[in-house]
Amino acid sequence: TNPGTNSSNTEGVLNVGMPNGPQTENNNPFLNSSAASSLGYRRLLFEPLAMVNEVNPTEKPKPWLATEWTWADNYTKLSLTIRDGVTWSDGKPLTAEDVAFTFQLLKANPGLNIDSVPYDQVSSSGTKVDVVFPRSQFVNQKKILEQLIVPKHIWSTIASPTTETVKTPVGSGPYTLKSFTPQTVTLAVRDSYWQELPKVKEVRYTSYSDNNAQTTALATGAAEWSFVFIPNYEAVYTSKDPEHYKLWFPPVLGIHGLWFNTKVTPWDNPALRRAVNMVINRDDIFTQGEAGYFYPKVDHITGIPLPAGASYIAPEFKDKTVKVDVEGAKKELTAAGFTFDGDKLKDPSGQPVTLKMTVPSGWSDYVTNLEIIKDNVSQIGIEATVDLPNADAWTKALDTGDFQAALHWTNNGPTPYDIYENIMNGALYKPIGEGGINGNYGRYENPEATAALNDFANAPDEATRTAAMHKLQQIHVRDMPVAITSAANAGGQYSTKNWIGWPDEANPYAPAQPTLENALDVVMHLKPAA
Amino acid sequence: MSDAVLEVRGLNVDYGLGDEAVHAVRDVDLTLHRGEVLGLAGESGSGKSTLAYGLTRLLPPPGVISGGEVLYHRDGGEPVDVLRMSHAELRAFRWAETAIVFQGAMNSLNPVHRVSTQLTDVIKAHDPRSTPAARLARARELLGLVGIAGDRLDSYPHQLSGGMRQRVMIGMALALEPKVVIMDEPTTALDVVVQRQILRQLVELRERLGFSVVFITHDLSLLVEFSDRIAIMYGGRIVEEATSGELYRNPKHPYSHGLLNSFPALRGPKRELTGIPGSPPDLRGMPPGCSFHPRCPHAMERCGVEVPVLGVPHDHVGPDRTVACWLHPVHDNGS
Amino acid sequence: MSYLLKRIAFYLFTAWAAITINFFIPRVIPGDPVQALITRSRGQMTSEAVQSLYVLFGLDKDESLLEQYFTYLGQLLSGDLGLSFTYFPSPVSQVIGDGLPWTLGLVGITTVLGFVIGTALGTGIGWRRGSWADALIPITTFVSSIPYFWLGLIAIALLTGPDSFFPASGAYDNGLVPNPDPEFIGSVIRHGILPAFTILISSMAGWILSMRNMMVTVASEDYVTVAHAKGLTDRRVMLSYAARNALLPNVSGFALSLGFIVGGTLLVEIVFSYPGLGLQLFQAVGAKDYPLMQGIFLIITLSVLLANFLADVAYLALDPRTRREG
Amino acid sequence: MTTSTSPSASGTTAEVVLEADGLTKHFPVRKRGRELLSRAVRSVRAVEDVTLRLHRGRVTALVGESGSGKSTVARLLAQLYPRTSGAIRLHGEPVDTKGGKRFRAYSKRVQMIFQDPFASLNPVHTVRYHLTRALKIHGNAGTNAAEQEQALVDLLTRVQLTPPERYIDKFPHELSGGQRQRVAIARALGADPEVLLADEPVSMLDVSIRLGVLNLLRDLKERLHLAILYITHDIASARYFADETFVMYAGGIVEGGDSETVTQRPAHPYTQLLIDSAPDPDRPAAEVKDGGTGEPPSLITPPSGCRFHPRCPHAMKVCPEKAPPRFAIGDDGAAAGAAGAVGDGAHFAACWLYGDLSDADRVKLRREDGR
Amino acid sequence: MTVVPSTAASTPAAAPVKRRRLRFVANPKATVGLVLLGFFALIALIGPWIAPYDPSARSSDLLQPPSAAHWFGTTHLGQDIFSQVVVGTQSVIVVGFVAGIVATVLSVLVGVTSGYLGGAGSEVLSALSNVFLVLPALPLMIIITSTLPETGTLTIALLIGFTSWAWGARVLRAQTLSLRGRDYVEAARATGEKTWRIILFEILPNLTAVIASGFVGTVIFAVTLEITLAFIGVGAGSGWNWGTVLYWAQSQQALGQGAWWWFVPAGLAIALLGTALSLVNFGIDEFVSPRLRGGGKTSVKTADGHTVRMRVGFTPVLASTPVGKTPPKVGAGANGKAES
Ligand SMILES: Nc1ncnc2c1ncn2[C@@H]1O[C@H](COP(=O)(O)OP(=O)(O)OP(=O)(O)O)[C@@H](O)[C@H]1O
Ligand SMILES: Nc1ncnc2c1ncn2[C@@H]1O[C@H](COP(=O)(O)OP(=O)(O)OP(=O)(O)O)[C@@H](O)[C@H]1O
Ligand SMILES: [Mg+2]
Ligand SMILES: [Mg+2]
Ligand code: NI
């Protein structure tokens, strides 16, 4: 038997696992490259101002270090009230000054400001903090509220915060770092905390070297909480202990889909893109490529994941889902001047239509998805191939527009804005051959769409925003620059053997992913099983 | 014969098995007497080395002994057949009773061990109770015997000259004071000065220790000068055996005759060298009858049919000698 | 120039050349660490955020490759390996320090063990050539041809499980902190057995074969026959005469294989999630983590050179002939 | 092959073909241990100041202890080693070739038979290949296949490998040592040289085969007027086959002259030792004198003066001090001429015993024993 | 003297050559190896035609164990694993042999030249091969393959070839150095041979064994490397090979799912190919080094029916009776007792 797993029962230990490979002692909460971020334990050491539930983005954020916040001047000014009675793990009290200092730190060190929030003026007095921004931060609300706060008395002494590995992290969270090894990081609960102390006395973050090892750990119970892609999860994971082994992968507002290069004939023709969108078998992709859970199926015509984005759907698209419709697709094509030569599809100029889709060679789920799409499009006479360059070449190809079609993802956010912004923002447009962008890989150029995006981000009123959002949906449905197949997820695998209280379909209070901001909220909810 | 130490009877040695076998030594009968030097000469490939190794069962595969006896006469004991010994008996017998000096001294010494190690390990193997100090002293003494300073004990073989290595081997051969020392062309690679030094030492040691030597060489002058008796081999058989003086002055077998007329003399008037016509036989396709007959100037019809028997020629008077040639019909055994 | 200086110059040159190649090759790859970071994690990032990463990694400066190269050489000379990108801002030396002991421990020990056991078996099989022991040869050949990652995976599938003695991954039990107490050591050993076994099985076979062949060759040397003639015991002839000489080529092979410890068994570490240098290198390569890659390459280069040097020395020590004059 | 290609068949037998003057060869020695750091360069002084002439139609024997540099002299003469100093002249023309065309032109006229026939034939090539190459390189292969075949057959016949068909397509390992040695000789003859450097061409053969090869060499000398350098350990064969004999000791020539004279009336103490040591069945064993012991000298740090002096029973005070020049020796074996003025083919010895010395120099270093 | 027609004289030449070839085939190990290798080569050649399915084609038989329709079962997409393995053979064989040839040619060029020439050029070449020896092969391959937009089979093969010659060059250099001093090389020089002829015709033929076993070694190395690369998802390219099969099996956690059929065939195929190559290598070794030759019998039967092993130091005695004499009454079993 494995003593490592046994002991967790008795000692109130929670075993978290991530498939991220060995770690190096680095607890800098600002840097994504630190072990604290990679494994997610920074979320238990440091705390945000508020918790945003991505699974249900319309829900009001849960106050955390800030008890209250108000936006003013069309989201260019934020006033925060900081909670009283919070102490750092070294005993010093947490004040508004610490919060202000954190924002100033980000402003002074662009390297730390991973979200690139444009902080302008930051001031604090008493329990109040005021932050002023140069432009509307409507779409950045979540990022700002989720910012982890660090103690001024420690960080002001750090000469170079960007190259600081923070060996002894001092935070306001309920846990402190107990021990660090490249394999396992152990956190222990503090003596005092501004809330009721969590039931989990110790959290162990183990880093497994890859998905296989992580899956095995989940299956054996060595890891109780994780976020990993498991092919055929029933066979490999849940069947080992159906009563306790659970997974919950709610969709969030971000997508994966087949991006077309809209500047390459014949794929510059929206009718062709729409036709392809109509024949993609999303069920196969979901069950075979995404193992029936990982990236939830998106079959709404607007590409917005449901139910997370339900409130944003334009009325005309309500309940409009895409089903495989080969005949419809063919009709659409012939209407647009395409012809069929026997089985083969010819574009209006008479050229046979082929589709070269690229995906990095090692990405098994994407490759599987493309194999499925390849099969699907052959039904409308398109001869497709799947090209498997290496990840770097692929990244470069997308960056410079040197591709026909590729599976890729978008950013996610609290609204569908991030999805559309990534796909259609003209500000990100670069001609084929030029690169250096992060979005609009399909070279989609439509001033109308760009204007709608700007409206949504900067509009002073809700009505303009709604109108802009509906506009974006119409453009998407019409032009279909990306055939969206799946949603991004915020899920996780967990075991209810030792701990209960996890978020799930019935109680979606937070995403189930152990590295997201809500991880602390999840741990606070956990109770020993029976 | 009462003073024999080693008696070889009907020894047959093959390389390989069955039809492919090369019969390298056939029906060899040979007696080595106590304290004598028995020279073994013959054409290259006539089986001299094979015979020497066969005596102690040291032939490498695919060599096999297909028949015969090698009787070793222990002091005062019953003769034992070397070919019937178990491996353990053979190990105990080797070196303690018969030692061998191999053809190439460079290859006979293990290049990675010091001379001292190689000298002492043989003593240790046969006398495990001896102390290291005693063994080392003995090794030093042995080197002294063969005229090498004791400080060479710590040398590696490659640090010694060819002559010195050869002498180390001779010293090693004497380590256990064996009764028989077999030497296979021990001096071919050396110049005459060194050769003579070594042989002189060997003669002295033999006089002191009283062992017998089987001495194999191509150098007939050396053989005649150095050995008491000489056996001539041809085609895997012994064709003639006599005391060295006898053989030199009066070779009976046409092959011996030819051999002795093939080497030039350093002194005296230059004599005519006639050599032996023809080329050596192929062991795989030995001519029938006397294997020398295709080259023999005196060949008779009978020579091509019947193998001549090695025996004392009936026209012979004087000390022991045998020959296998139809020119010299032999007495019946013992008569 | 004396021989020794020449030798040193030769090693220095090789080291320099390898370091230079190791510097340039990763940099001619398309893409950069930031892009790789995003792509690899299917990360989501706005264009401005991407820029902040360039700033963070110090990649925003417009330095020519050559300038970077000289900066790198300068840092190297002062013993500074730079900061890793993947684990930014952890120093490369710390990352390597975390992985190296595990690699050396697991792969190092098994390499040595494989050599020792393989050589011993090879000695015996070669000495008894023609006996039943020869039947082992085809088996060994087959076993040595199995890719060891495959062997490892099968071992994991068959031998590990919730109730198994063998853990499937890691170097020690979760929650233990490395320190020399019996629990930790026991745990390390338990975790090491399976990976060690796969390496052992596949590396041993090679040694068996080469040692066996050398034994067969050496057994027919004259000095071995002499040793038999001397009436030494079979053991003594086998070990002190045949094996001692047959060992020589194996030893230099072994010394060189020591050099491949770090780079060679990456897959075992991947398959068994063993937190060694190979795994780190694999990740560094995927992440375009130049500093870490170079750091590990440097270790590999140095260890291969060191191994070469050891091979020289071992030969000198074992074979008195190489110490010969003229 | 015709004999007409060789120069005037009837010329004087004393014509010098190849000449070495003051030939010296030092081999650098690999350093070890502590010496690695020192600057001193150590070397094996394998050949030191050797002067030698090879005559048309004459066999010159070179005898001496093993390791005295005989093979090195032969290789130097064949231009296979660069020499440290000294000169080599072919028909009076100094030669110094490092390779390329001029070396090939030289190798056509001067050919060498290597000491070890087991090593000097490439195991992967047949007799035919070895011989064809020798013929082709030097343009003796004729113009068509038939002529080439004829030339091959001629060569093999000449070295008595008959019938040629039986040997022509054999690999070296299928030949006996004597046969190999004869193939090596045939190869050298294939170039149709003027000079043959034969390095122990019969060392590995038993006496009967040895005789055949030596008779062949004599025949070549007589029919083709080759100049032959015959290196051997077998002094008796030198007496029989060589017109002139030189004796080498530790890198230098210590005595030379007519073979019969040198072997029957050796002048130099080393030659005397050598002749005395040679086995001789006609000599009663008691007659053999103790030729002195002692190891051959190190060539890295050779003894000063006369290199033989540490072993010489007649060593005098001058011997360790000055290296002796060549002194001519009269027919009775007594000193007969001044140093250096030694005529071609005349008997000489490099030993102070035959020099003009003051009495102080003649003081014996050790008690003379025996002689 | 009669002119012997060249045809007549050259006929016997065939005899020794034939004998040599036969000896190689006569080695049972090499024969097994060659047969296996031939089998794989055949599959490589005709694989695409004999494969029952398109290896990439999906079907509705998801993750099925071996059956009559799918001999090696199916993948998570319903692809036929048997077809994948069969079609994948080609890539493996091509990579192995192309890489083997490239590396062998390079190692011969560098090793032999640097060994024979000596001087500064030799030092430079030797340093070059040392540098390549020091470069870590697998990581380097991972890096280089990511430099190239597409890594087809041939690219991988060439890359492996160009990065793995150093070991062979080193061995060949050492061998050449020792051959250079051989008398027959000197003798060829003394005969007047040109340098290039000496290298090509005197030295190279004597290196055949080293070159051949180096070639086989490189083939094994290249095959393993390709499969390893494919297995970790680098340079899997678009084609199928055994590594790709394993890669898919691994990424779909086939073993965890109990789909052993996904893993086992490709792994065994690799092991079999490796074994075949090693066996051929044995053949080469034993063919060239007479001392390793196991062709002859290693044990013999004595006259009294015992089996004795032939071994150095203890020559077997088949019958220890002088011919024509009656055996003495000593117990016959005492001699020739095998010791091992
Ligand atoms: N392994 C072997 N296989 C087949 N034949 C062999 C083998 N070893 C030796 N022979 C043959 O056995 C015969 C006798 O060889 P042996 O070595 O005894 O001759 P030798 O008289 O010692 O010759 P030399 O004077 O050249 O040393 C030779 O003709 C040789 O070809
Ligand atoms: N290539 C070399 N490098 C270093 N030393 C050498 C070399 N060749 C020969 N020597 C040394 O030069 C000396 C003379 O050697 P050489 O081969 O000329 O002797 P030799 O008279 O032919 O001896 P032998 O009669 O044994 O053939 C020896 O001490 C030998 O060790
Ligand atoms: Mg012999
Ligand atoms: Mg010589
Ligand atoms: Ni007679």
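Numbered from 1 within each chain, the chains take letters A, B, ... in sequence-line order. None of these values were measured; they are calculated from a predicted model. Any value given below was found using the heavy atoms of this structure, including those in side chains, with hydrogens, waters and symmetry copies removed.
When each of Ser251(E), Gly78(E), Gly258(E), Ala57(E) is checked for heavy-atom pairs under 4.5 Å with chain A, Ser251(E) comes out on top. The candidate from Ile230(A), Asn211(A), Thr368(A) with the greatest count of non-hydrogen atom pairs under 4.5 Å with chain E is Thr368(A).
With Lys374(A) contributing its side chain and Thr385(A) its backbone, the two residues share no donor-acceptor pair below 3.5 Å.
Below 4.5 Å, heavy atoms of chain A meet no heavy atom from residues 35-51 of chain E.
Ion pairing between Lys497(A) and Asp241(A) fails under the 4.0 Å rule for side-chain N and carboxylate O.
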- Message: I'd like to know whether His70(E) forms a ring-ring contact (aromatic ring centres under 6.0 Å, His included) with Tyr53(E), so could you lay out the CA-CA distance, the side-chain angles of the two residues, the decisive distance to 0.1 Å, and finally the verdict.
- Response: CA-CA 9 Å; His70(E) 301 282; Tyr53(E) 301 88; 4.8 Å; yes
- Message: Working note: Thr215(A) + Gln253(E), criterion side chain to side chain donor-acceptor pair (under 3.5 Å); need CA distance, chi angles, decisive distance, verdict.
- Response: CA-CA 9 Å; Thr215(A) 308; Gln253(E) 305 192 5; 2.8 Å; yes
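The ring of Trp262(E) has its center closer than 6.0 angstrom to the ring center of His76(E). If you look at Tyr293(A) and Phe249(A), their ring centroids are closer than 6.0 Å. Side-chain rings of Tyr494(A) and Trp225(A) stay apart, their centers remaining 6.0 Å or farther from each other.
Within the 4.5 angstrom heavy-atom criterion, no atom of Leu255(E) approaches chain A.
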